[in-house]
Amino acid sequence: MLNKLTASELVLNEDGSVYHLNLLPEDIAEKIILVGDPDRVAKVSKYFDSVEIRKNKREFYTHTGTLRGERITVMSTGIGTENIDIVMNELDALVNIDLKQKEFKTEHTSLKLFRMGTCGSVNPDVQVDNMLVTQNVVGLDGLMHFYQDYHFENEFSKNFYEKFPYENIKPMLYFSEWSEELGELYKDAKYHGNTATFPGFYAPQGRQLRLKALDDQFLETLNDLGITNFEMETSAIYAFSKLLGHKAITVNNVIANRRRGEFSSDHHASEKNLIEWVLERIIK
Ligand code: URA
């Protein structure tokens, strides 16, 4: 690959900012909280000592400031791994590509990414309104198969791949795991689990409204393969972090227990609890 990127590959706005995130390199900290919902960005940054940057475009809202004297960014990604494709490539470009010269930098910067989200549990014993940290993840969204050189394997992935019974979905699977270093910060979470990431909220996660999902036993089958919870972003965040040399960890608030048919009775209170829990642990 040529070192110099063309205008059609590294797309920039008129002010030199990256195309979708609308950010310049100086707009972000090396410690970044990723949330899905744009409204959650202000709910996080209201805890900062001060906010110096407020920028947005489409669903990507970013606030950067300081918390207990440390520089920190919170950014919304919207829903899904297709948005994570944009967020991870553009965040990496902000730190590892010289945007003016359109050349790769020789010195690598590693970001610390803290995904704070929501999920549904498929283990009947994992209770709603608690924090679940993702240790292993399986992507059923297929995204990383579009990138060369992505391969990850460990005991969990080998067992899962071998026993996964849905032959038409199997070619889409890919795996990753947390950053152990960041995992140390979340040692005291109520649950640590194996997350499955999907390219949709309804049938891909076994939900049936007027349309039938692939298999009535989908939740039970995945839980039997060791999956604790379902969501829509972590596979790509973890996999890109491995490929691009960043560190990532996800903690999700369990808002639904799919096996018991329960939903959080006050997800606003649990969201506040989640924000405070994360901020307390990532900035000392
Ligand atoms: N997010 C998901 O993707 N699924 C759930 O069940 C809850 C939150």
Side-chain angles (χ1 to χ4, degrees), residues 33-41 43-44 59 76-85 87 114-143 169 172-176 178 189-223 225-239 248-275 277-278:
I33 297 171
L34 298 173
V35 300
D37 182 356
D39 284 347
R40 195 175 277 178
V41 170
K43 291 180 190 166
V44 174
E59 57 268 67
S76 60
T77 68
I79 295 177
T81 55
E82 65 276 38
N83 275 8
I84 299 301
D85 181 60
V87 169
F114 298 89
R115 156 95 187 148
M116 185 197 281
T118 56
C119 69
S121 75
V122 289
N123 178 333
D125 299 330
V126 169
Q127 292 156 3
V128 293
D129 299 327
N130 283 290
M131 259 72 83
L132 192 160
V133 175
T134 301
Q135 199 158 337
N136 291 292
V137 66
V138 52
L140 288 94
D141 54 286
L143 177 63
I169 302 176
M172 290 184 224
L173 301 185
Y174 64 92
F175 298 87
S176 194
W178 66 352
K190 173 135 179 162
Y191 303 114
H192 286 81
N194 305 316
T195 297
T197 299
F198 293 94
F201 186 79
Y202 290 96
Q205 297 187 27
R207 285 190 172 88
Q208 319 199 63
L209 301 184
R210 292 210 312 125
L211 296 176
K212 284 275 163 231
L214 182 66
D215 178 7
D216 285 341
Q217 293 303 304
F218 194 61
L219 306 183
E220 291 79 355
T221 302
L222 289 203
N223 188 207
L225 291 177
I227 296 296
T228 37
N229 64 309
F230 287 3
E231 50 87 274
M232 295 177 67
E233 290 82 16
T234 298
S235 56
I237 294 173
Y238 280 15
I249 192 154
T250 291
V251 60
N252 279 316
N253 186 19
V254 180
I255 56 165
N257 183 311
R258 301 287 311 287
R259 300 288 293 286
R260 294 182 189 275
E262 292 167 1
F263 194 79
S264 167
S265 57
D266 187 352
H267 64 276
H268 297 296
S270 344
E271 180 189 39
K272 183 169 182 286
N273 194 21
L274 175 71
I275 293 168
W277 191 90
V278 167

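Atoms within a ligand are numbered from 1 in the order they appear, just like the ligands themselves. These numbers come from a predicted model, not from an experiment.
Residue Thr234 forms a side chain to side chain donor-acceptor pair (under 3.5 Å) with just one option from Asn252, Thr197, Thr250, and that option is Thr250.
Checked by atom type, the side-chain pair Thr195/Asn229 shows a donor-acceptor distance below 3.5 Å. Judged purely by distance below 3.5 Å, without hydrogens or angles, the side chains of Asp129 and Ser264 pair a donor atom with an acceptor atom.
Screening residues 198-222 for salt bridge (charged side-chain N to carboxylate O under 4.0 Å, His left out) gives Glu220-Arg259 as the qualifying pairs, with residues at least two apart or on separate chains.
In this structure, Thr77 and Ile84 have side chains that are in contact, with non-hydrogen atoms separated by less than 4.5 Å.
Of the possible donor and acceptor atoms, none in the side chain of Asn123 sits under 3.5 Å from a partner among the backbone N and O of Ile227.
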Could you tell me, for ligand 1, which of its N or O atoms are under 3.5 Å from any protein N or O, listing the pairs and their distances rounded to 0.1 Å?
| unit_1 | atom_1 | unit_2 | atom_2 | d |
| --- | --- | --- | --- | --- |
| ligand 1 | 3 (O) | Gln205 | NE2 | 2.9 |
| ligand 1 | 4 (N) | Gln205 | OE1 | 2.8 |
| ligand 1 | 6 (O) | Arg207 | NH1 | 3.4 |
| ligand 1 | 6 (O) | Arg207 | NH2 | 2.7 |

